[in-house]
Protein chains: 2
Amino acid sequence: MYSELDKLIKMSDFKGIIQQAGATERCPQNYVLALTDTMNVISGKWKLPIIASLLRGKIRFKDLLDNIEKITPRMLSKELKELEINSIVVRKVYNQTPVLIEYQLTESGRSLLNLIDTMIDWGLTHRSNVW
Amino acid sequence: MYSELDKLIKMSDFKGIIQQAGATERCPQNYVLALTDTMNVISGKWKLPIIASLLRGKIRFKDLLDNIEKITPRMLSKELKELEINSIVVRKVYNQTPVLIEYQLTESGRSLLNLIDTMIDWGLTHRSNVW
DNA sequence: ATAAGTAGTATACTTTTGTATAGTGAATTA
DNA sequence: TAATTCACTATACAAAAGTATACTACTTAT
């Protein structure tokens with residue numbers, strides 16, 4: 001697909017996730033951007049637990065708090081905002097009384113399931129390689 | 001493949017990457033372990049640049065330092081040790097004089113290329129979804 | 001009127017992660 | 001003999017990420 005990583009090595013003046021000297025022309029900057037986007041979406045202690053909970057369907061703040069062990073409202077709020085900014089999550093406000101707020105994944109958010117599966121596959125294979 | 005993420009939700013007393021209440025029996029702990037393994041291997045500022053450089057072939061400490069822009073010897077050393085402990089990298093010592101030391105990926109390390117490709121795919125699709 | 005639930009925010013703090021800068025020791029070339 | 005290269009290590013510091021604890025504003029149930 002991108003067959004050799006040659007393609008994404010070196011990207012001097014980008015923030016520097018993938019970079020190596022002397023290969024600028026062979027390294028499509030878009031690949032590097034795409035990779036850093038992906039890293040930003042999944043990295044941190046709480047992103048995957050939140051996404052995993054959301055993969056089960058729309059859910060309210062309070063239920064996320066209860067489902068995700070030991071997360072604080074501060075972190076949940078912060079992470080949801082970040083996921084919303086990155087178009088992974090949508091915050092829906094239903095103007096009933098009392099107001100109802102639900103979080104749900106976007107199409108991009110749902111498509112993370114495939115990536116997560118690939119990560120699990122790699123991890124399982126790695127464990128079988130090593131032990 | 002793991003079709004529904006149900007399978008990996010809730011894992012109370014594991015470190016807590018993926019967890020949700022009331023689904024213990026449907027959540028194979030191995031999947032959670034595999035996923036956290038994967039996250040540990042790729043997360044941090046320098047892991048992917050190092051792995052990307054190593055995907056081009058065996059390489060020496062000094063050349064990694066030169067190839068990866070702005071990394072310090074301290075971080076390179078630290079990350080290589082971690083990658084070695086996790087069986088992603090092998091440190092080979094050739095007892096010539098002067099001694100020659102080369103780092104190379106293990107089979108598990110090389111197989112990260114597929115994961116990286118999947119991450120790039122997700123990122124590219126996400127960008128096309130959003131803009 | 002009081003307590004409890006929802007959806008958070010505010011402030012202060014600790015831990016983790018990464019940076020800056022200098023130095024070591026062995027060998028090697030000038 | 002002195003400077004340079006290689007492969008790092010040591011110490012101190014700064015920045016980012018995460019935690020603890022309390023609080024707010026609104027609504028509803030008792």
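None of these values were measured; they are calculated from a predicted model. Chain letters run A, B, ... following the sequence lines, proteins first, then strands; residues in each count from 1.
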Distance from B:Met119 atom CE to A:Leu115 atom CG, nearest 0.5 Å? 6.0 Å
When we call it a touch if two heavy atoms are under 4.0 Å apart, what does B:Pro98 touch: a base, just sugar-phosphate, or nothing? sugar-phosphate
Can you tell me if B:Lys45 touches the phosphate of C:dT19, counting only side-chain N or O atoms and a distance under 4.0 Å to OP1 or OP2? yes
Whether the A:Asn67 and A:Ser53 side chains hold a donor-acceptor pair (N or O, under 3.5 Å, no angle test) is what I'd like checked. no
Within the pair B:Arg60 and D:dA7, is there a side-chain N or O less than 4.0 Å away from OP1 or OP2? yes
Residues two or more places apart in sequence or in another chain: which of them pass side-chain hydrogen bond (donor to acceptor under 3.5 Å, both in side chains) with B:Gln104? none
N or O in side chain of A:Lys81 less than 4.0 angstrom from C:dT9 OP1/OP2: yes
Students often get this wrong, so: under 4.0 angstrom with heavy atoms, is A:Arg74 touching a base, only sugar-phosphate, or nothing? base
Using whole Å, report how far CG of B:Asp63 lies from P of D:dC6. 8 Å
Mind calculating the distance between CD1 (B:Ile68) and C1' (C:dG18) to the nearest angstrom? 15 Å
Quick check on DNA chain D: between A:Pro73 and A:Ser43, whose nearest nucleotide comes earlier from the 5' end? A:Ser43
B:Lys62 side-chain N/O to D:dC6 phosphate OP1/OP2 under 4.0 Å: yes
Could you tell me how far apart A:Lys47 (NZ) and D:dA17 (C1') are, to the nearest whole angstrom? 10 Å
In whole Å, I'd like the distance from the CH2 atom of A:Trp46 to the C1' atom of D:dA16. 17 Å
Got a second to check how far B:Asn30's CG is from B:Leu35's CG, nearest 0.5 Å? 12.5 Å
Is any side-chain N or O of A:Tyr103 closer than 4.0 Å to OP1 or OP2 of C:dG8? yes
In whole angstroms, how far is the P atom of D:dC8 from the CE atom of B:Met75? 16 Å
Per-helix bend value, the helix from C:dA1-D:dT30 to C:dA30-D:dT1, C1' rotation axes over five pairs per end, 10° rounding, shows 10°
Starting at CD of B:Glu82 and ending at C1' of C:dG18, how long is that distance when rounded to a whole Å? 13 Å
Closest of C:dG8, C:dT6, D:dC8 to the B:Arg91 side chain is D:dC8
Just verifying a value: how many Å separate A:Glu107 CD and B:Asn129 CG, rounded to the nearest 0.5 Å? 6.5 Å
Which comes earlier along DNA chain C counting from the 5' end, the contact point of B:Glu79 or that of B:Val99, where each point is its nearest nucleotide? B:Glu79
Using atom OH of A:Tyr94 as one end and atom C1' of C:dA7 as the other, report the distance to the nearest whole Å. 16 Å
How close or far is atom P of D:dT19 from atom CG of A:Leu65, stated in whole angstroms? 13 Å
Which one, D:dA7, C:dG18, D:dC8, comes nearest to the side chain of B:Ser77? D:dC8
Atom pairs and distances, side-chain donor-acceptor, residues 78-85 of chain A, under 3.5 Å, sequence neighbours left out:
| unit_1 | atom_1 | unit_2 | atom_2 | d |
| --- | --- | --- | --- | --- |
| A:Glu82 | OE2 | A:Lys47 | NZ | 3.4 |

Value rounded to 0.5 Å, distance of NE2 in B:His126 from OG in A:Ser111: 8.5 Å
List the steps, then state whether side-chain contact (heavy atoms from CB on, under 4.5 Å) holds for A:Ile42 with B:Met39. CA-CA 9 Å; A:Ile42 64 176; B:Met39 281 303 294; 4.0 Å; yes
